[in-house]
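Take a look at the structure below.
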Amino acid sequence: MAASVDDTQHFLNENIKNDQDLNLDHITKLLGSRRSEQANLDSQLQALEQETKSILSQTMEAAKSYESTLNCLNTSLETTERDIDTYMNESTRNSPKANLLEQLTVLENKLKTIDNAKSYIKALLVVKELSSQALSLVKTEPEKAIIPYSQLVKFETYINDQSEQNEQYSALLDHVQKSRIRLCEELDAVLTSDFKQALDSLSWPTPMKPPYGPQLKAKLKDFEKAFRNLLMLKKPSESKDDILSPIAIMLEGLSLRFRFHFETSKPTNRIDKPEWYLQHVKNTISTHMPFIMTTIQPIMETIKQDKVIYAKDQFIRGLLQDVTRKLEKTMPELLNHPNWLSHTIHQVLLFDRSLQEEFAYDQYTALSNVILGNSTWFNAWFQAEKSFAQARYDDILLDNHAFDIYAEDDFEKSQQQSNDKPIKRTKSAVRLINLLESITNTYTLVPNLVQKFKFFADIQLDLLGQYQKRLSAAIDSFEALSLIRSVPVPGALPEAVTGVMTATETGGTVSALNRLYRWWTSARSINDVLKDWAEEELFLDMQFEINQEPDSIKEVIRENEKNNCMLRLADQQTDGLFSNALIAYEQLNKRSEKIIVKIAIKEWTTETRQYAKKDVWWQSSTETPSEISDELYRPLQDLRVTWNYLYNTLPQADFLIVYRKTLKEIENWYWKNIITQSQFSTTGAYQLETDMKQGLWKIGHKWVSKPENFMKRLKEAIQLLTLPFSSQQDDLPACDVLMKALADTKQLELVQSTLAKLGIEVLSNSEIRDVLRRRNDMLYSWN
């Protein structure tokens with residue numbers, strides 16, 4: 001009563017301090033406030049009573065369960081004691097030994113039962129005590145509440161080990177597991193609530209970047225405690241690959257945002273714009289990464305784990321769950337739109353690479369594997385890419401100007417300083433190279449070797465094969481039309497069907513060579529690019545992987561080998577991925593060069609018929625020839641035009657190859673039609689020498705310093721034909737001396753010394769005899 005009077009006195013002193021406070025309104029307000037406060041207290045009291053009743057009821061149920069168990073054990077104990085007493089009484093009566101052993105066995109079993117019962121009781125009491133401690137501490141000291149829970153987890157492990165050895169502990173294990181699960185759920189509910197409150201105080205998911213202000217630091221401490229407590233609580237359903245509970249809670253708000261923007265009817269939810277939600281995820285990772293690395297990762301490092309767990313990887317993996325769900329939902333619809341499908345997969349591959357490069361994410365191929373791991377989706381994408389590539393290739397080759405010279409090359413390469421002339425590429429070669437590079441970019445980021453090789457073999461090599469066949473067919477047709485063997489027809493025009501377009505005909509030889517050059521440079525452009533690609537890291541790595549696992553690509557090769565001349569399994573493992581393609585295009589270049597030589601020689605052969613037919617080499621004259629034969633003017637002029645075109649068109653090294661081969665063929669022509677078919681006087685020999693020095697070799701000085709070195713057989717033959725018949729000086733070699741030495745097998749040393757003085761290195765002894773016999777003076781001397 002005294003306490004109530006004191007409370008009333010205290011209330012009046014606090015709320016009525018002067019006469020003005022005695023008015024009716026003020027007193028009414030005080031009473032209303034008092035009533036509302038009382039009502040609030042009553043409601044809290046009622047809630048507390050209900051909660052207390054609930055806890056008491058649960059405790060009573062557990063106590064009743066324990067009481068029932070204890071009663072059963074007490075009854076068993078009393079029964080055992082009576083049995084022991086009975087046994088003791090019977091044993092005093094001198095019972096037989098057999099009965100005594102049986103009774104001792106029964107007694108032993110009952111003692112074991114008593115020990116097990118005691119263990120059960122102790123285990124139940126331990127479980128109850130640990131659960132009570134955890135529940136009593138979780139609200140006030142959550143960090144300490146984890147300790148009895150961890151002890152309960154260890155105790156469960158111990159019971160589990162015992163149950164594996166003795167089945168009678170299985171029921172106890174079941175009870176301990178259920179108790180631990182129930183305790184975990186109760187602790188998790190409290191700790192999760194505390195953690196969410198800490199997140200709300202930080203205004204999560206608003207990004208936070210260090211350095212943090214003083215007000216935020218206090219809130220961060222509460223966050224760190226709540227995060228650590230929740231992290232230490234290991235849920236029974238968690239596995240090693242699951243996202244940790246606190247991080248999963250942090251991801252809930254971000255997942256909600258993702259669903260709102262990209263899985264509802266919002267304008268941002270567009271199936272043809274995957275880059276929108278992928279960029280959204282990247283931005284989310286970037287903005288929260290400082291907070292994760294500076295605040296969350298240090299917390300995780302303080303917790304002992306079986307393996308190192310990185311907060312950023314857990315965070316990214318959680319965000320990718322939304323992207324995975326989005327892709328799995330949209331992929332069936334994308335299959336009906338090949339363009340969107342290709343775009344989506346390309347964006348996903350780029351996104352995966354950015355995760356590795358920008359955030360060092362350890363499972364950066366997981367998202368692309370969601371799509372590419374589905375064979376139906378991959379095949380749909382592959383067929384779409386193959387159709388796109390084939391359509392673009394068809395457009396390239398169907399263009400009427402496909403084999404015109406690419407004009408932009410002239411502008412670009414004119415800016416470069418180079419001693420060698422650049423190769424002028426054709427439009428089709430340039431566009432095909434760009435197409436092949438775009439295909440490479442498409443599958444570069446594909447993580448699976450078999451899928452990557454399928455793109456390479458079935459699309460890239462297939463297009464290279466098609467282009468090679470197209471060039472080969474064009475060169476075949478050109479060769480058939482341009483180098484057809486002439487057939488004399490009665491009444492036909494002179495030189496009517498020579499097979500070569502001469503300067504008098506439309507376009508001339510240069511026009512024919514220009515057409516052939518376009519196919520040559522197309523093949524050469526592809527060949528040069530393939531050589532560069534063969535040294536690139538992508539294809540070297542692919543080659544290495546194939547060498548390590550050759551069986552993995554056998555199925556792809558088996559599917560393509562019949563229709564693809566560029567692909568052979570053995571070559572892929574030894575020579576390189578582009579080995580067959582390089583060989584095929586190099587053969588095209590060599591064929592083209594041979595045809596160029598044939599055209600030049602065919603024109604030379606046609607225009608030098610009169611020159612070859614004249615029979616004036618044996619005639620003598622008092623005048624020394626100073627000009628070339630009249631029949632050579634036109635052949636040399638046309639040959640100069642041909643060589644000049646080739647020099648200005650082909651790269652230096654390729655021109656020299658063609659030039660050398662052409663001179664070799666002309667040399668053979670001279671040997672066959674002039675040297676071995678005519679007799680030479682001194683004048684005739686000097687005329688032949690003049691024709692070569694002032695004609696063929698003189699015009700060749702424009703392109704090489706010593707063209708005569710490419711025709712050493714002819715050069716040495718002319719030297720023998722113009723050699724003095726006899727010499728008055730012993731140190732000078734003479735024709736008659738050389739001929740006698742060749743006829744005598746004992747004078748080989750003299751022959752060698754003589755040839756060395758003359759500089760004869762190429763001609764054999766038999767060829768030297770044949771040449772010397774073509775001299776008139778030698779013929780007369782024999783007669």
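- E224 and T295 are not linked by any side-chain donor-acceptor pair at a separation below 3.5 angstrom, with hydrogens and angles left out of the test.
- With sequence neighbours left out, the ring-ring contact (aromatic ring centres under 6.0 Å, His included) criterion links Y310 to no other residue.
- When all heavy atoms of P298 and M293 are compared, the closest pair comes out as CD-O, 3.5 Å.
- A salt bridge links D322 with R325; the closest basic N to acidic carboxylate O contact falls under 4.0 Å.
- With sequence neighbours excluded, no residue satisfies side-chain hydrogen bond (donor to acceptor under 3.5 Å, both in side chains) with K219.
- No side-chain N or O of D352 forms a donor-acceptor pair with one of Q356 less than 3.5 Å apart.
- Applying the ring-ring contact (aromatic ring centres under 6.0 Å, His included) test to H346 and every residue at least two apart in sequence or in another chain returns nothing.
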Solution key, residues 195-202 side-chain donor-acceptor pairs under 3.5 Å, sequence neighbours excluded:
{"unit_1": "S201", "atom_1": "OG", "unit_2": "A198", "atom_2": "O", "d": "2.5"}

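- For T330, the side-chain hydrogen bond (donor to acceptor under 3.5 Å, both in side chains) test picks out no residue, with sequence neighbours left out.
- No side-chain N or O of N379 forms a donor-acceptor pair with one of K454 less than 3.5 Å apart.
- Neither side chain, Y443 nor E385, offers a donor N or O lying under 3.5 Å from an acceptor on the other.
- Contacts of W340 classified as ring-ring contact (aromatic ring centres under 6.0 Å, His included), with partners at least two apart in sequence or in another chain: H337.
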